[in-house]
Enquirer: 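Have a look at the structure that comes next, please.
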Amino acid sequence: MSFADSMQQFIAKTAADLHAVHEVASDLAFESIVEGSAITGAPGQPVSESRSPNDGELRDSWTKTAVSPTETLIATDLPWAPDVEDNIHDFHFANHGPHSVALTRLGFDAIVDAAVAKVVR
Amino acid sequence: MIDDHEIHMALRAILEDVPSLPPAQDRSWANVNFVPSVSRPHVETDFVPAGKPVISVQTIDGFVRATGVYAVRSYGLAGLGEDAIRARAMDIEAAFRAGTTITLDSGNRLMILGNPAPFSGQVIPNGKSKSVCSTKISYECQGFNTAP
């Protein structure tokens, strides 16, 4: 195998690893915001205990969309989602809680570390 | 060790020094009964620790890095424009400028992070005669995993 072939192999593996790290990191960030995460300390989205059909509406509204090979959009279209994220009604939630996006953003380096560890394992 | 309460009180002390903060009766602190006035601005806070992993190879007596978010909500009267509410939020941001470092009584070092840096969001109505702007401050505290 020539040096050029070795370089091509290295480039291909690096690109594949980058894609895999991005996929895993996106999944971990989404899980952190929606379900909560021990990596970031985020509590995840509160779910009402009223047993009404709207239970879980906020949790289920979050979507993950691939924008480009290295960019993923995690979003919700519920107009009251920021109320919960910022806890503007000063609730004491029975499960999960506010500030999950902020904690996920704060812990993103740890998410990437966890993704790299999973990909290279 | 790193005491979250010590971090919380240090952050609160910075906040209480903001000149435009409402008077004491209009400040809501954690685990204190509080009924906000319908006719006066008020502030609320959430102290949210995110974890404190040991980041050195050595665990006992090793190096610990605690992080978290201090959220400050600045409420003003609804329908009177954003100026007063946002001005107070900007004063709060200025008090927690990224890179601000404090040595706590324990000797641990508390720092306001620059990534993510403190930021204030949109002014939004809370549906109860007030509108609110939330300021989020990310911090880290470094110390040793020693017995208290």
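Please read these numbers as outputs of a predicted model, since none were measured by experiment. Order of the sequence lines fixes the chain letters, A, B, ..., with proteins taken first and strands second; residue numbering starts at 1 for each chain.
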Enquirer: Indicate the ring-plane relationship of His42(B) and Phe34(B), choosing parallel, tilted or perpendicular according to the 30° and 60° boundaries.
Expert: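 Ring orientation, 0 to 90° scale: tilted.
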Enquirer: Within a 6.0 Å radius of atom CD on Gln122(B), are there more than 12 heavy atoms belonging to other residues, nucleotides or ligands?
Expert: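 At most 12 heavy atoms, drawn from other residues, nucleotides or ligands, come within 6.0 Å of this atom.
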Enquirer: Hey, which of Ser28(B), Gly51(B), Ser134(B) has the most heavy atom pairs under 4.5 Å with chain A?
Expert: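 Maximum pair count with chain A is reached by Ser134(B).
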Enquirer: Please classify the contact between Tyr75(B) and chain A as side chain, backbone, both or neither, with a heavy-atom cut-off of under 4.5 Å.
Expert: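 The side chain, not the backbone.
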Enquirer: Could you tell me how the ring of His89(A) sits relative to the ring of Phe91(A): parallel (under 30°), tilted (30 to 60°) or perpendicular (over 60°)?
Expert: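 His89(A) vs Phe91(A) ring planes: tilted.
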Enquirer: Looking only at heavy atoms, which two atoms of Ala50(B) and Leu103(A) are closest? And how far apart?
Expert: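 Looking at all heavy atoms of both residues, the shortest contact is CB-CD2, 3.7 Å.
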Enquirer: Between the side chains of Glu85(A) and Lys136(B), is the shortest nitrogen-to-carboxylate-oxygen separation below 4.0 Å, so that they form an ion pair?
Expert: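 Looking at Lys136(B) and Glu85(A), the cut-off is met.
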Enquirer: Tell me, out of Ile124(B), Asn115(B), Val132(B), Asp46(B), who's got the most heavy-atom pairs with chain A below 4.5 Å.
Expert: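 Highest number of heavy-atom pairs under 4.5 Å: Asp46(B).
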Enquirer: Would you call the rings of His8(B) and His5(B) parallel, tilted or perpendicular, where under 30° means parallel and over 60° means perpendicular?
Expert: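 Answer is perpendicular, since the angle exceeds 60°.
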Enquirer: Residue by residue, which of residues 29-42 of chain A have a heavy atom closer than 4.5 Å to a heavy atom belonging to chain B?
Expert: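 Within residues 29-42 of chain A, the residues that come under 4.5 Å of chain B (heavy atoms only) are Thr40(A), Gly41(A).
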Enquirer: Inspect the contact between Glu44(B) and Arg27(B) and indicate whether a charged nitrogen and a carboxylate oxygen are less than 4.0 angstrom apart.
Expert: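 Not counted as a salt bridge, because no side-chain N and carboxylate O are separated by less than 4.0 Å.
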Enquirer: Could you name the residues of residues 6-17 of chain A that have a heavy atom within less than 4.5 Å of a heavy atom in chain B?
Expert: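 Counting heavy atoms that sit under 4.5 Å from chain B, no residue of residues 6-17 of chain A is involved.
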Enquirer: Tell me which of these, Asp83(A), Asn87(A), Asp109(A), has more heavy-atom pairs under 4.5 Å with chain B than the rest.
Expert: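 Ranked by heavy-atom pairs under 4.5 Å with chain B, first place is Asn87(A).
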Enquirer: Do you see a donor-acceptor pair shorter than 3.5 Å between the side chains of Thr67(B) and Glu140(B)?
Expert: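 No - no donor-acceptor pair under 3.5 Å links their side chains.
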Enquirer: Using distance alone, with no hydrogens and no angle criterion, decide if Thr146(B) and Asp61(B) have a side-chain donor and acceptor under 3.5 Å apart.
Expert: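 No.
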Enquirer: Kindly indicate, with the supporting measurements, whether the criterion side-chain contact (heavy atoms from CB on, under 4.5 Å) is fulfilled by Met111(B) and Tyr139(B).
Expert: CA-CA 6 Å; Met111(B) 187 169 79; Tyr139(B) 68 83; over 6 Å; no
Enquirer: Are Leu28(A) and Val116(A) linked, directly or through intermediate hydrophobic residues, by side-chain heavy-atom contacts shorter than 4.5 Å (ILVMFWY only)?
Expert: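 Yes, same cluster.
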Enquirer: Checking Ile102(B) against Arg109(B) for the side-chain contact (heavy atoms from CB on, under 4.5 Å) test, could you report, in this order, the C-alpha distance in whole Å, the side-chain angles of both residues, the deciding distance, and whether it holds?
Expert: CA-CA 6 Å; Ile102(B) 303 165; Arg109(B) 200 174 67 119; over 6 Å; no
Enquirer: Lys130(B) versus chain A, heavy atoms under 4.5 Å apart: side chain, backbone, both or neither?
Expert: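 Interface part for Lys130(B): neither.
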